[in-house]
Amino acid sequence: MSGVRRSPWAALVGRWWWVAVLLGAWELYVRIKGFNVIVLPGPMDVARSLVADWPELLEKLLLTLRAALLGLVLGAVLGTVAAVLAWSSRLLSGLVAPLALLVRSVPFIVFIPLLSRFLGYNTTMEVVVVGLLSFFPTFVLVSSGLHGLPAAAADLCTVYGASRWRKLWLIALPAAVPNLFASIRITASFAVLGAMVAEYLTGIDGLGRMFLLARGDLEADRSLAVSAVAAVTSLLLFNLAKSAEQAVNRRMG
């Protein structure tokens, strides 16, 4: 019957059944081929590693997550400030826009050794790396929101003699808030990855360093356990940012 509501468990199974099938096929393939855990661990091996190493995984996850969240905030602030500067003046737009494009064009891995030289091998460098990752999407989307004002709103400001900065504060910035949260949603999905790459390449404590050590010790099951924790965390961050964006859009609507 079309009016019957499915239980939450039925909805969950209906949405994620393919994951169970994929994991089952993976486990079956590993058992049939008889792979050593060093070569290819099965899902059960990874699950056992998750349970055995959970205290350490949680400790490293909190370190990586802190850097990822701080980097997201840093990127959102810098991107918004740059978008406002570019909106306020054609001269500043001609200076800021090429710099933002340059940051986007250079692979972020290139920045890691350079930033390590200036900032040291520490969490600050890690936060800046994530901030650079999230800077460009924020700059582009917030700029789009600032320049996407309805013509009637701009005309109203002109009629009442509002200054450019008053127009920014009362109309342009509120109109760009949904775009800001959209940029956070986009960058949240790879913030954890950016933090992990910085940790992996520099040895900063966190999930990235834990993955590096497990890989060096040929503990493939442990490496995949770290990867699974990072993937789930990224998915949760994305969904949290998506929920925040939807709440803001409802409020602004």
Side-chain angles (χ1 to χ4, degrees), residues 64-112 114-116 118-119 122-150 153-154 164-199 233-249 251-252:
T64 301
L65 188 58
R66 180 185 64 177
L69 292 176
L70 289 174
L72 274 176
V73 173
L74 176 64
V77 171
L78 292 179
T80 301
V81 170
V84 169
L85 291 176
W87 177 87
S88 65
S89 162
R90 288 186 178 182
L91 175 61
L92 290 176
S93 178
L95 295 174
V96 173
L99 289 175
L101 187 59
L102 177 64
V103 171
R104 176 65 181 85
S105 302
V106 178
F108 81 99
I109 293 180
V110 174
F111 289 112
I112 294 177
L114 297 176
L115 292 173
S116 299
F118 290 105
L119 302 176
N122 50 43
T123 304
T124 301
M125 184 277 295
E126 189 180 354
V127 170
V128 172
V129 168
V130 179
L132 290 174
L133 271 173
S134 59
F135 165 77
F136 187 75
T138 303
F139 172 74
V140 170
L141 288 174
V142 173
S143 293
S144 176
L146 292 174
H147 288 93
L149 292 177
R164 189 166 182 82
W165 291 108
R166 193 166 180 80
K167 176 183 174 183
L168 170 69
W169 182 254
L170 295 178
I171 298 178
L173 274 181
V177 168
N179 289 37
L180 172 61
F181 277 84
S183 71
I184 293 174
R185 169 177 54 83
I186 292 171
T187 55
S189 59
F190 51 81
V192 173
L193 174 62
M196 282 187 64
V197 170
E199 293 165 353
T233 303
S234 296
L235 185 61
L236 289 175
L237 274 182
F238 174 82
N239 281 285
L240 285 173
K242 182 179 179 181
S243 298
E245 180 191 3
Q246 291 172 343
V248 167
N249 288 337
R251 189 173 182 84
M252 298 294 292

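Separation of atoms CZ (F136) and CG (L102) is listed at 10.5 Å; rounding is to 0.5 Å. The line from CG of N179 to CD1 of I184 is 11.5 Å long, rounded to the nearest 0.5 Å. In this structure, L85 CG and S89 OG are separated by 9.0 Å, a value rounded to the nearest 0.5 Å. Rounded to the nearest 0.5 angstrom, L141 CG and I186 CD1 are separated by 5.0 Å. Going from atom CG of L119 over to atom CD of E126 covers 12.0 Å, rounded to the nearest 0.5 Å. Between L180 atom CG and T138 atom OG1 the span is 6.5 Å, to the nearest 0.5 Å.
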Take L146 and V84, measure what side chain to side chain contact (heavy atoms under 4.5 Å, CB included) needs, and give me the verdict at the end.
CA-CA 8 Å; L146 292 174; V84 169; 4.2 Å; yes
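Between F139 and F135, the two ring planes are parallel [angle under 30°; tilted spans 30° to 60°].
Considering every non-hydrogen atom in both A195 and A67, the closest pair reads CB-CB, 4.5 Å. What you find for A176 and V142 is that their closest heavy atoms are CB-O, 3.9 Å. Nearest approach of L132 to F111, heavy atoms of both residues: CD1-CG, 3.9 Å. The two residues L99 and L95 come nearest to each other via the heavy atoms CG-O, 3.4 Å. In this structure, G145 and A175 approach most closely via the heavy-atom pair O-CB, 4.3 Å. The minimum heavy-atom distance linking S134 with G71 is given by the pair OG-O, 3.4 Å.
Between R66 and T123 there is a side-chain heavy-atom pair separated by less than 4.5 Å. For the pair V192 and T64, the minimum side-chain heavy-atom distance is below 4.5 Å. Proximity of V77 to V73: side-chain heavy atoms (C-beta onward) are separated by under 4.5 Å at one or more points. In this structure, the side chains of F108 and L133 come closer than 4.5 Å at one or more pairs of heavy atoms.
N122 places a side-chain N or O within 3.5 Å of a backbone atom of M125 that can act as its donor or acceptor partner.
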